[in-house]
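What follows is a short report on a single structure.
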Number of protein chains: 2
Amino acid sequence: MPSLDRSVLERLPTFRRMAGEDIDMLLKDAHPSRFSKNSEIFSQGEEARSFFLLISGHVRVVRTSAQGDKVIVRHINEGELMGIAIAMERAVYPASAIAIVECLVLNWPNSAWPSLKSKVPGFGTAVYRTIGQRFQETHDRVLEMASEQVEQRVARAMLRLMNEAGRQTADGMEIDFPITRQEIAEMAGTTLHMVSRLLSVWKDQGLVRGARQKIVISNPHGLMRVAERHRDE
Amino acid sequence: MPSLDRSVLERLPTFRRMAGEDIDMLLKDAHPSRFSKNSEIFSQGEEARSFFLLISGHVRVVRTSAQGDKVIVRHINEGELMGIAIAMERAVYPASAIAIVECLVLNWPNSAWPSLKSKVPGFGTAVYRTIGQRFQETHDRVLEMASEQVEQRVARAMLRLMNEAGRQTADGMEIDFPITRQEIAEMAGTTLHMVSRLLSVWKDQGLVRGARQKIVISNPHGLMRVAERHRDE
DNA sequence: TCCTCTATTTGCGTAGACGCAAAGAAATTA
DNA sequence: TAATTTCTTTGCGTCTACGCAAATAGAGGA
């Protein structure tokens, strides 16, 4: 029995074009669960048994190397899929997902995937489209890491945060969840020191405002200019 | 009319487990084409009309940024798929593919994808498995670029080349296609100078042998130790 | 065989990014 | 309220990696 209403999915862009019966079919196999702040939704290396849709909250996806180095692969926002290893025939989760704030998640057992894919064709398409977008973003990031300076990378990381989780306030675009300098560093592939220094400079230039675990981008356009500044300009 | 025999596909790991009729069905929609050395098989940003299987030769997949910086995304080897944008609902190719040597390629129009996917189920699975593997590799690379030094990254790039296109010779494992220092730099995200310097050091240590557009890894295990050496060891 | 073009090596100076360290500030707990 | 923890800022010294430049060496064409 679905304990969630159609309307929960109908609001989301991924499902907007789907027929009501199809959404019901999806919900039949899904069950909702709640994750408290800082709890782990799935874990890197763990056998993949489910895939997920984030209904509300924010999730951080983190990949850790054998040497213990970490990168934040992406943030998952309301309405986005995560843990869709099954769609790519992967047996284990390639990264860990952590609830940044209290999260409500819809959860399908992997066993439901084959039938959902064939019976709700729009769903398979949506999943593969998501994979394609993320794959492209990941390639962009490789290129970025290979060719751009720390300053540009951090600026881009901030702009990515803004686009995904920005909320308009009186002071500018505020990131909707708590995030530390260390975590921004793990998005951009640098150290918290560099992030802190850059934020100080940008604060003096009126581009951003910051506080403990908080970022507000007061001048998005100015920050974009920083991100696009090339080595020899 | 397929102008290629079943046996061409049956040799490849991707198709080994498929029924003969399924392979015939695949071949029915495919047509072979030949690409001369340095010619472009598909181009970044171009509308994706086909997907490909490399029958023989070697292909370099390159992604270029707006500023003109390049990275070599991967190399495609015999029996591997490429240009499978359609499987992820992407309208354009996210990178360019260039024949490193004379190549024989099997080519399907994108219009054949939906029916092949449903009628040859093993094919869809193989495609999605390939995507999953490459996605994981790409994430590994982000992590690598974020946390490792140039020396380690170049060592890893060389080992990747060896695993994918290594050929055992008297002197060691030789990369099967011509590759310049500049190109190795584009794999590792550094400059040709750094690559050249590192190769010189490794040559003195008996790890590699090099020549113009040629790399031989004489001591793979030694090179692995270099790749795994962490910052503070 | 000479010439040209492309690839490679190496030196040198510089700056960008990092490590280490210490101090300051904000939140949490006792 | 004080104590503790976590996060942030900033300074300073160092070294890695890069840019620039010039020399060397193959490969292929005329």
Side-chain angles (χ1 to χ4, degrees), chain A residues 37-38 60 67-71 100-101 144-158 175 177-205 208-216 226 229-233, chain B residues 37-38 60 67-71 100-101 144-158 175 177-205 208-216 226 229-233:
Chain A
K37 182 171 172 169
N38 293 327
R60 185 167 28 249
Q67 287 89 29
D69 297 298
K70 288 198 284 186
V71 267
I100 303 178
V101 294
E144 190 184 306
M145 302 272 284
S147 62
E148 271 165 19
Q149 318 263 105
V150 166
E151 183 174 28
Q152 280 66 48
R153 299 208 304 270
V154 173
R156 281 190 203 280
M158 306 259 299
I175 307 308
F177 51 80
I179 184 162
T180 66
R181 307 292 184 264
Q182 172 66 38
E183 286 159 349
I184 296 174
E186 284 165 12
M187 292 180 70
T190 182
T191 62
L192 79 163
H193 308 262
M194 289 302 295
V195 173
S196 181
R197 280 180 239 274
L198 288 167
L199 286 177
S200 294
V201 172
W202 293 339
K203 186 159 78 179
D204 293 346
Q205 298 174 349
V208 304
R209 296 170 48 75
R212 196 188 170 88
Q213 304 205 19
K214 194 176 133 186
I215 297 290
V216 181
V226 173
R229 188 154 63 208
H230 208 239
R231 227 186 298 283
D232 40 11
E233 282 177 32
Chain B
K37 182 170 172 169
N38 294 326
R60 185 165 30 249
Q67 286 89 30
D69 297 299
K70 288 198 284 186
V71 269
I100 302 177
V101 294
E144 189 184 306
M145 302 272 285
S147 61
E148 271 163 21
Q149 318 262 107
V150 166
E151 183 175 28
Q152 280 66 49
R153 299 208 306 270
V154 173
R156 280 189 202 282
M158 305 258 302
I175 307 308
F177 50 80
I179 183 163
T180 66
R181 308 292 183 263
Q182 172 65 38
E183 286 159 349
I184 296 175
E186 284 166 13
M187 293 181 69
T190 181
T191 60
L192 80 163
H193 308 267
M194 288 302 294
V195 173
S196 181
R197 281 181 239 276
L198 287 167
L199 287 177
S200 295
V201 172
W202 293 340
K203 186 159 78 180
D204 292 346
Q205 297 174 351
V208 302
R209 296 170 50 74
R212 195 188 171 88
Q213 303 204 18
K214 192 175 132 184
I215 297 290
V216 181
V226 173
R229 186 155 62 207
H230 209 237
R231 226 185 300 283
D232 41 9
E233 281 176 35

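Residue numbers begin at 1 in each chain, while the letters A, B, ... track the order of the sequences.
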Which part of the nucleic acid, if any, lies within reach of S196(A) when heavy atoms closer than 4.0 Å are counted: base, sugar-phosphate only, or nothing?
base
Checking all strands, does L192(A) fall into the base, sugar-phosphate, or nothing category for heavy-atom contacts under 4.0 angstrom?
base
I179(A) atom CD1 is separated from dA26(C) atom P, nearest whole Å, by 20 Å
What nucleic acid atoms does T191(B) come within less than 4.0 Å of, heavy atoms only: base, sugar-phosphate, or nothing?
sugar-phosphate
May I ask you to say what R212(B) touches in the nucleic acid, namely base, sugar-phosphate or nothing, with a heavy-atom cut-off under 4.0 Å?
base
Angle by which the axis turns from one end of the helix from dT1(C)-dA30(D) to dA30(C)-dT1(D) to the other, five pairs per end, to 10 degrees:
30°
For dT10(D), does either OP1 or OP2 sit under 4.0 Å from a side-chain N or O belonging to S200(A)?
yes
Looking for any heavy atom pair under 4.0 Å, which part of the strands does Q149(B) touch: base, sugar-phosphate only, or nothing?
sugar-phosphate
What's the closest nucleotide to the side chain of T190(B) if the choices are dC18(D), dG11(D), dT8(D)?
dC18(D)
For the pair made of CD1 in I184(A) and P in dT9(D), what is the distance, rounded to whole Å?
10 Å
Toward the 5' end of DNA chain D, which comes first, V195(A) or A146(A), by nearest nucleotide?
V195(A)
Please state how far atom CG in L199(A) lies from atom P in dC7(D), giving the value in whole angstrom units.
16 Å
Any donor-acceptor pair, under 3.5 Å, between the side chain of R153(A) and the base of dG16(C), if you only look at N and O atoms?
no
Considering only heavy side-chain atoms of T180(B), the closest of dC18(C), dC18(D), dA7(C) is dA7(C)
Spacing between H193(A) atom NE2 and dT14(D) atom P, to the nearest angstrom
18 Å
